[in-house]
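Small disclaimer: the values here were computed from a predicted structure and weren't measured. Residue numbering restarts at 1 for every chain, and letters A, B, ... go by the order of the sequence lines. Computed from heavy atoms alone, side chains included, the values below leave out hydrogens, waters and symmetry copies.
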2 protein chains.
Amino acid sequence: MSQSVRRAVDLIRRAAEHPLSLTEAAEVLGVHKSTALRILQTLESARFVRRTGAGTYVLGSGIIELSELALGSMDLRQFAAAPLRTLQRKTGHTVHLAQLTGDEIIYIDKVDSPAFDAVKLPSRIGRAVSIYASAVGKTILAYLPTAERDRLLSHVVFERFTPTTCADRESLDAELVRIREQGWAVDNGEHDTYVMCVAAPIRDSRGRVIAAASMTAIEVIASLDQLKESLPLLLDTAIQISGELGYDTSEGD
Amino acid sequence: MSQSVRRAVDLIRRAAEHPLSLTEAAEVLGVHKSTALRILQTLESARFVRRTGAGTYVLGSGIIELSELALGSMDLRQFAAAPLRTLQRKTGHTVHLAQLTGDEIIYIDKVDSPAFDAVKLPSRIGRAVSIYASAVGKTILAYLPTAERDRLLSHVVFERFTPTTCADRESLDAELVRIREQGWAVDNGEHDTYVMCVAAPIRDSRGRVIAAASMTAIEVIASLDQLKESLPLLLDTAIQISGELGYDTSEGD
DNA sequence: ACCGCCCGTTGCATCATACGCAACGGGTTG
DNA sequence: CAACCCGTTGCGTATGATGCAACGGGCGGT
């Protein structure tokens, strides 16, 4: 493991959170200012951070460009973009797309509802979701081959975030059976008490579930029942996206 | 300057472009495989790269998350998102938002036209634009205070990309006078012969032009004259966004 | 089935780089 | 005007980054 690289990563993260002075950078790393300065100078020349007029460091456009390069090359995200925007427009709810990526399930797109301007959802593109305490996580888990599901869950330390969390393997397994039976999943405040969500599976050309689409509401805006009223649209959207990926949707669900 | 950090940056960039094996990583850096491995292991633990099942390294979701954090905290981009989507829907053209950031003008949002699925535009969020050979670049330059414009242009080596490029300071200055007179700018294939663009200035609460919005077409889809037919909508959108930023739009243009 | 080759990986000794220190100039505040 | 703090740079040194050798595993050819 490289200590210098870890320090650089730490500074990039902090510069993304809020503007960072040299003195602060040295303090948080626990190194001399000259050491922090050289790391920042290297990151600045790479456009991973930018020096502001006030002398502080913020995230640079080089990171944004790399991110857009990666997101732009994701076929799933490209195919899903228009159907998800349509779903958001028709239902009024915030819409997410999450994908299994290695050992994590990551949000790769999000179409915000204007109704949420005042209350920000915690979800963010690039961020991993809880695989057992989110609708998209449970959806993808439900359809994974048993060995792969076991492997993902072997790293998990179950935590009861709220009273409705499936906080052990048995209750989660029962929930996954339900999800497979009905073809969709619900998050009834399992990670955050005020956030409700429904999700539907997205399949690739071989029929494997590799992603999920979801609609999210918070309790002051819409109840779970109101969210479920739009479930048929969500399911149609997920099937449409699956079709774009080459899944033969005539086989039935 | 930190050599290890520069190597890490290089690997992150390459992993974003295409999957990278350890052997390739060592070769492109000119170091031993054990050295490259340790850098990659550090980046992987930070989620800046991800190891695929095939053993290659690709860009990690940690970078995507940082990028979204930065983009999500840009007020201009938040205020502009809905008006730009409306503009794209009404006109059918691809729409961009570019902002002066330090010494560069960077695309910070882009709403694609479905018509472009087959032909990809070179523009990308996070990427710097040519400040003298793009409509958004010329728009922002036109309204900068002279000292700041001179400072930005002092770093520029003019290059004639196409027959229509303003490839020297005199012809650029004349063009900037025209832009200030008419209140908008045109790119008639100045950077890429097949790309046309019109742009309008966006002002902050103090009336300074800090960004520009644009509509883009390529010659097989729409001519520059067809693009100009939507100019009133573009100007209205730019004024609307300026208003959201606190600019008093009743002062006249 | 076996062998050779290449890949990724790790422990360890070595050396080159990252590090901290001292000194500096500049800006801000009292 | 003085004191303080910031950012910065040159340089000697200590340490962390480095390469090497050895290893196990997978793959392809015979």
Quick one: [X] [atom1] to [N] [atom2], roughly how many Å, whole number?
{"X": "B:Leu40", "N": "C:dT10", "atom1": "CG", "atom2": "P", "value": "13 Å"}
{"X": "B:Leu37", "N": "C:dC12", "atom1": "CG", "atom2": "P", "value": "17 Å"}
{"X": "A:Ile39", "N": "D:dA17", "atom1": "CD1", "atom2": "P", "value": "10 Å"}
{"X": "A:His32", "N": "C:dT17", "atom1": "NE2", "atom2": "P", "value": "22 Å"}
{"X": "B:Gln3", "N": "C:dC15", "atom1": "CD", "atom2": "P", "value": "17 Å"}
{"X": "A:Lys33", "N": "D:dC6", "atom1": "NZ", "atom2": "P", "value": "6 Å"}

Working for side-chain hydrogen bond (donor to acceptor under 3.5 Å, both in side chains), residues A:Thr165 and A:Arg160: CA-CA 5 Å; A:Thr165 315; A:Arg160 190 177 295 275; 5.8 Å; no

Any side-chain N or O of [X] under 4.0 Å from OP1/OP2 of [N]?
{"X": "A:Ser4", "N": "D:dA17", "answer": "yes"}
{"X": "A:Gln41", "N": "D:dT9", "answer": "yes"}
{"X": "A:Thr35", "N": "C:dG20", "answer": "yes"}

From D:dG10, C:dT9, D:dT18, nucleotide with atom closest to A:Arg38 side chain: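 Per side-chain heavy atoms of A:Arg38, the pick is D:dG10.
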
A:Tyr57 or B:Ala36, whichever maps to the more 5' nucleotide of DNA chain D: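 Final value for this comparison: A:Tyr57.
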
B:Arg50 and A:Glu104: CA distance, side-chain angles, deciding distance, salt bridge (charged side-chain N to carboxylate O under 4.0 Å, His left out) verdict: CA-CA 11 Å; B:Arg50 175 174 68 85; A:Glu104 298 179 304; over 6 Å; no

Ion pair check, A:Arg6 and A:Asp10, cut-off under 4.0 Å: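 The answer is no: the pair does not qualify as a salt bridge.
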
Touch class at under 4.0 angstrom, heavy-atom based, for B:Ser2 against every strand present: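 It contacts sugar-phosphate atoms only.
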
Would you list the atom pairs, donor with acceptor, under 3.5 Å between side chains in residues 125-137 of chain A and any protein atom, with sequence neighbours excluded?
from, atom 1, to, atom 2, distance (Å)
A:Arg127, NE, B:Glu65, OE2, 3.2
A:Arg127, NH1, A:Pro122, O, 3.0
A:Ser130, OG, A:Ala133, N, 3.0
A:Tyr132, OH, A:Glu159, N, 2.8
A:Tyr132, OH, A:Glu159, O, 3.2
A:Ser134, OG, A:Ser130, O, 2.7
A:Ser134, OG, A:Gly137, N, 2.9

Side-chain donor or acceptor of B:Arg149 paired with backbone N/O of B:Ala142 under 3.5 Å: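 Yes, the answer is positive, given that a donor and an acceptor are paired below the 3.5 Å cut-off.
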
Main-chain N/O of A:Ser123 paired with A:Lys110 side-chain donor or acceptor, under 3.5 Å: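 Checking the backbone N and O of A:Ser123 against the side chain of A:Lys110, a donor-acceptor pair under 3.5 Å is found.
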
Residues within residues 6-28 of chain A bordering DNA chain C, heavy-atom distance below 4.0 Å: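 Within this stretch, A:Arg7 sit under 4.0 Å of the strand.
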
Side chains of B:Arg38 and A:Ser2, donor plus acceptor under 3.5 Å: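 No, because no side-chain N or O of B:Arg38 sits under 3.5 Å from a partner of the opposite role on A:Ser2.
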
